[in-house]
Amino acid sequence: MDRKATNVSLVGAEYFVGIDWAATNHAVCVLDSSGRRVTGFGVEHTAAGFTGLIRRLAKLGEPGGVPVAIERPDGRLVDALLAAGYPVVAVKPNAIKTWREGEVISGAKSDPGDAHVIAEYLRLRAHRLRAATPLSEDTRALRLVSRTRSDLVAARVAAGNQLAALLDTAWPGAKEIFAEVTSAISLAFLHRYPTPDHAAHLGEKRMAAFCIKHGYSGRRSPAELLTRLRAAPAGVSGAVVSDALRDAVLALIAVLTALNTAIKDLDRSNAAHLHAHPDGKVFTSFPRAGLVNAAQIRAELAEPTPTPDRMPSLPSPGWSRSPARRASTTR
């Protein structure tokens, strides 16, 4: 879907629209410039619902003069509004919460009421707010891949923490033998020796053979690795518990292995989309940034205003998807 430009002033608009976003049904409130409620209605999160919303808003006048505020910076509803030419203002939920608490007399909360609060916030603060800049297809593609990768990295961290907690409970030595429990060598060890019973006869010679087979590049000798394994508190024993531990460990290894593969695939996709982006040369020239970081930075920036010899513009502050917030998800 193409996005039309919305580089217009919000001040002086005749109508102000507030949308309280929900998973299945969105509440809409329309106020005039004096703050009088013109109408309010619900919109289903369907193609027909979006079409109906655009049709009803069209009765208010030219799209460029009807700004819309919503608590989301992206999504298919935002795409539909931008495609129709409406200036869309992404308002932060915390800002609306603070505004509601400070300005609304009634403490009652409802979706239609929230839509009214959002519309009023837009009307009274139009001079301080800025409509979203439509994203190019290249930026949208890069953002989709980059954010998906970051989400998978977060899932990998969670799965790694779960594996570490499991080993703390059932087999502490397996967590201590290598520096990182989620490293390739550690996962290979756990796949070969998922329980203390499996490693009961593991000696220095077998440990040395394992390290050679899996390309262990650490500084500890096989004897030192075995010492770390044996020095930790003993793990669980017994056939029933060992079988359960084996199944749990192998399940988490499968999850982590799949996530590692998916993240590597998205790394390649990130690099391809960054190189194809018109700003790709600028961002790949950043010293020591790396392709993953460079892709994330460009993905989270707003589109710059078209000018000769333009440089990329800075993003609107405050959103949790900002590059600074998401820098920790590149590992």
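Computed from a predicted structure; not experimentally measured. Positions are given from 1 along the sequence.
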Nearest 0.5 Å, what's the CG-CG distance between Leu163 and Asp168? 10.0 Å

Between Pro172 and Ala232, which heavy-atom pair has the shortest distance, and what is it? C-CB, 3.9 Å

Kindly indicate whether the side chain of Leu259, heavy atoms from C-beta on, has any atom under 4.5 Å from the side chain of Val153. no

Return the orientation label for the Phe178 and Phe210 ring planes: parallel under 30°, perpendicular over 60°, tilted otherwise. tilted

With rounding to the nearest 0.5 Å, note down the distance linking CG in Leu31 to CG in Leu124. 9.0 Å

Give, for atom CG of Leu77 and atom CH2 of Trp21, the distance between the pair rounded to the nearest 0.5 Å. 9.0 Å

side-chain contact (heavy atoms from CB on, under 4.5 Å) partner of Arg143, chosen from His273, Glu300, Gln296: Glu300

Any side-chain heavy-atom pair from Phe50 and His45 closer than 4.5 angstrom? yes

Carboxylate-amine/guanidinium contact Arg72 Asp74, below 4.0 Å: yes

Which distance, rounded to the nearest 0.5 Å, do you find between the CG of Leu144 and the OG1 of Thr139? 12.5 Å

With a 4.5 Å heavy-atom cut-off, do Val78 and Ile70 have their side chains touching? yes

Would you say the side chain of Arg149 lies within less than 4.5 Å of the side chain of Val292, judging by non-hydrogen atoms? yes

Test side chain to side chain contact (heavy atoms under 4.5 Å, CB included) on Ile96 and Asp114 and set out the steps. CA-CA 8 Å; Ile96 297 301; Asp114 286 348; 6.0 Å; no

Closest approach of Val181 and Ala164, non-hydrogen atoms and distance? CG1-CB, 4.2 Å

What are the two closest heavy atoms between Ala95 and Tyr121, and how far apart are they? CB-OH, 3.7 Å

Go through the side-chain N and O atoms of Ser34 and Asp32 and say whether any donor and acceptor fall under 3.5 Å apart. yes

Nearest 0.5 Å please: distance from the OG1 atom of Thr182 over to the CG atom of Asn260. 7.5 Å

Where do Leu256 and Arg156 come nearest, in terms of heavy atoms and distance? CD2-O, 3.6 Å

Does a donor on one side chain sit under 3.5 Å from an acceptor on the other, for Ser183 and Ser186? no

Ion pair Lys264/Asp267, N-O distance below 4.0 Å: no

